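One structure below.
What you see is a predicted model; the values in this text were computed from it and never measured. In what follows, every chain begins at residue 1, and chains take the letters A, B, ... in the order their sequences are listed.
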Number of protein chains: 2
Amino acid sequence: MDKQLATKLFESLASGIRLDIFRMLVKHAPTGLVAGEIASKLDLPPTNLSFHLKAMTHASLVIVAQEGRYQRYRANLSVMQSLIDYLTAECCTGNPELCFDADKAITCCDTN
Amino acid sequence: MDKQLATKLFESLASGIRLDIFRMLVKHAPTGLVAGEIASKLDLPPTNLSFHLKAMTHASLVIVAQEGRYQRYRANLSVMQSLIDYLTAECCTGNPELCFDADKAITCCDTN
DNA sequence: TTGACTATACAACAATACTTGAAATATAAA
DNA sequence: TTTATATTTCAAGTATTGTTGTATAGTCAA
């Protein structure tokens with residue numbers, strides 16, 4: 001997880017709509033949902049949904065697969081896990097006692 | 001941690017500059033840094049830094065305290081911990097097997 | 001092949017965020 | 001009290017992001 005990817009992921013999560021989309025996809029993991037299902041559940045115009053899904057896909061926050069004429073979207077849980085790890089590492093730098101388990105090995109880099 | 005706060009925090013982290021500021025403050029926890037130190041370390045015009053610090057403060061990502069004519073900024077590690085918990089809970093919904101292993105080693109960041 | 005359906009691409013516009021210099025505020029030092 | 005320092009506020013402009021309707025490209029079903 002480098003800074004550039006982290007920034008892109010935070011951008012992806014920094015919108016109420018996109019956060020709703022992601023949470024809905026997590027809730028429906030590992031099946032995912034097709035675009036139309038998301039649009040109707042969130043009551044969004046399809047072009048607007050498509051705009052947000054494109055951004056999320058480009059950030060690798062979600063994964064898309066074609067199914068006939070449908071596009072099925074799934075939450076990318078592993079990249080989310082990496083983001084949590086990144087955030088934990090950042091949060092813990094120099095302050096391990098404030099973070100998760102004290103016995104967890106944390107060896108962080110210098111952040112420049 | 002409600003959705004609104006989470007969104008605000010993600011917004012705060014969704015900029016290279018603000019992420020740099022936050023990581024620098026984490027690195028200097030619990031002492032923190034005064035605004036001028038941050039500005040010179042990141043080579044930012046003071047007005048621009050002030051803009052970002054204000055946003056981060058408003059999102060409760062950082063905490064500010066006056067010290068004479070200086071403003072000392074500190075990372076709000078507890079809200080960051082709450083955000084990590086929120087993200088973990090969201091990520092894990094229905095998929096606990098994909099999330100934290102108790103004995104997982106944390107692999108740390110690349111610079112940038 | 002035709003017609004219906006799903007979703008995206010494009011274009012125009014609206015809204016929001018970012019950057020900067022000048023001015024203001026507040027504290028400290030001389 | 002006067003001057004210097006630290007930081008923020010304000011105003012203006014630039015840049016980016018978000019929203020919407022229309023048009024387009026695929027896919028399916030008859």
If you compare every side-chain N and O of B/Tyr73 against the phosphate oxygens of D/dA6 (OP1, OP2), does one of them come in below 4.0 Å? no

Tell me what A/Arg72 touches on the nucleic acid: a base, only sugar-phosphate, or nothing, going by heavy atoms under 4.0 Å. nothing

Between B/Leu61 and B/Asn76, is there a side-chain heavy-atom distance shorter than 4.5 Å? no

Between A/Ile63 and A/Leu9, is there shared hydrophobic-cluster membership here, with clusters defined by ILVMFWY side-chain heavy atoms closer than 4.5 Å? no

Under the salt bridge (Lys or Arg N to Asp or Glu O under 4.0 Å) rule, what do B/Lys3 and A/Asp20 come out as? Steps first, then yes or no, please. CA-CA 9 Å; B/Lys3 191 183 98 178; A/Asp20 283 342; 3.0 Å; yes

Hey, what are the protein-to-nucleotides 26-30 of chain D N/O distances that come in under 3.5 Å?
unit_1	atom_1	unit_2	atom_2	d
D/dT27	OP1	A/Gln66	NE2	3.2
D/dT27	O3'	A/Arg69	N	3.3

Rounded interatomic separation in angstrom, taking CG from A/Leu33 and P from C/dT6: 15 Å

Roughly, in whole Å, what's the span from CG in A/Leu19 to P in D/dG18? 14 Å

Taking the side chain as every heavy atom from C-beta outward, state whether B/Met80 and A/Leu87 have any pair of such atoms under 4.5 Å apart. yes

D/dT8 C1' sits how many Å from B/Ile38 CD1, rounded? 14 Å

Heavy-atom side-chain contact between B/Arg74 and B/Leu25 under 4.5 Å: no

Within residues 46-61 of chain B, those residues having any heavy atom closer than 4.0 Å to DNA chain D are B/Pro46, B/Thr47, B/Ser50, B/Lys54

How close or far is atom P of D/dA25 from atom CD of A/Gln71, stated in whole angstroms? 16 Å

Let me know the distance between CZ of B/Phe10 and C1' of D/dT17, rounded to the nearest Å. 19 Å

